[in-house]
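The block underneath contains the structure these notes are about, expressed in structure tokens.
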Amino acid sequence: MSCKELIDSLKKAADERVLLMRQDAEREAVAARADVAHRLEQLREDAKRKQEAAYRDAVAQALSAAVNRAREIRLSAEKELSGLLKDIATASLPALRKADYEDVFGKLVQELPALAWKKVRVNPDDVALAGKFFPAAEIVPDRDITGGLDASTEDGSIRVINTFEKRLERAWSDMLPLLIKDVYQEVSDGTSAAP
């Protein structure tokens, strides 16, 4: 084999090796690009999942905050409504004096235990009426009493408050939910829930 043939043979072998190396490098480059593309896709999916999770968390927190704020507003409004309703109920107590008040007063007196009442507080307009029922007692006019009476024994150890105000106070916790329900009913459809 001549030198030229040897050189051509070496050159051909080198070209084949270069071609094989180039093909190997291209295969590795394709594999590397595919790997990078796959990793990028995974990163995108991870980022998207994290973004969606963060969005869901933000929505849940905002919704929770809105629900809590709405609850606070409702409770505050119900507290204010409760005060207004109590004021209206208290302001309505004098109307109870209009029809058959003498009978109402008598029934309130009958609810008292049979004791020697020595001091009876009543509305100033009821002093004479109280004197009929408690002739031996000291009758004390009290402008804070709308109707009914506040009776005490001589030593003050027994005291019965049977006034309109005290009866309203005792019944208020039962009345309030019904009144609020009635207000909600009226607000929602314009009709009263109770007469």
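Starting from 1, each residue takes its place in the sequence as its number.
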*asked:* One pair to check against side chain to side chain contact (heavy atoms under 4.5 Å, CB included): Asp174 and Leu178. What are the steps and the verdict?
replied: CA-CA 7 Å; Asp174 294 329; Leu178 300 172; over 6 Å; no

*Mark yes or no for whether Asp150, through its side chain, and Ile161, through its backbone, hold a donor-acceptor pair below 3.5 Å.*
no

*Between Asn162 and Arg167, is a side-chain hydrogen bond (donor to acceptor under 3.5 Å, both in side chains) present by the stated rule, with each step listed?*
CA-CA 7 Å; Asn162 204 6; Arg167 292 174 81 93; 2.7 Å; yes

*asked:* Less than 4.0 angstrom from a charged side-chain N to a carboxylate O is my criterion; do Lys166 and Glu169 meet it?
replied: yes

*Between Glu72 and Arg69, is there a salt bridge with N-O shorter than 4.0 Å?*
yes

*What distance do Thr90 atom OG1 and Leu85 atom CG have between them, rounded to the nearest 0.5 Å?*
10.5 Å

*Could you state the interatomic distance from CG (Asn68) to CD (Gln61), rounded to the nearest 0.5 Å?*
11.5 Å

*Determine yes or no for a side-chain-to-main-chain donor-acceptor pair under 3.5 angstrom, with Arg97 supplying the side chain and Thr146 the backbone.*
yes

*Under the side chain to side chain contact (heavy atoms under 4.5 Å, CB included) rule, what do Glu16 and Val18 come out as? Steps first, then yes or no, please.*
CA-CA 5 Å; Glu16 286 177 6; Val18 166; over 6 Å; no

*Before giving the answer on side chain to side chain contact (heavy atoms under 4.5 Å, CB included), spell out for Leu149 and Phe134 the whole-Å C-alpha distance, their side-chain angles and the decisive distance to 0.1 Å.*
CA-CA 11 Å; Leu149 61 143; Phe134 304 100; 3.8 Å; yes

*Donor-acceptor pair, Thr153 side chain versus Trp117 backbone, under 3.5 Å?*
no

*asked:* With side chain to side chain contact (heavy atoms under 4.5 Å, CB included) as the criterion, how do Asp126 and Phe133 come out once you've worked through the C-alpha distance, each side chain's angles and the decisive distance to 0.1 Å?
replied: CA-CA 11 Å; Asp126 297 341; Phe133 288 98; over 6 Å; no

*Nearest-0.5 Å distance, CZ of residue Phe105 to CG of residue Leu96*: 14.0 Å

*asked:* Closer than 4.0 angstrom, basic N to acidic O: yes or no for Glu111 and Lys107?
replied: no

*Indicate yes or no for a side-chain donor-acceptor contact from Ser64 to the backbone of Ala60 under 3.5 Å, with no hydrogens or angles considered.*
no

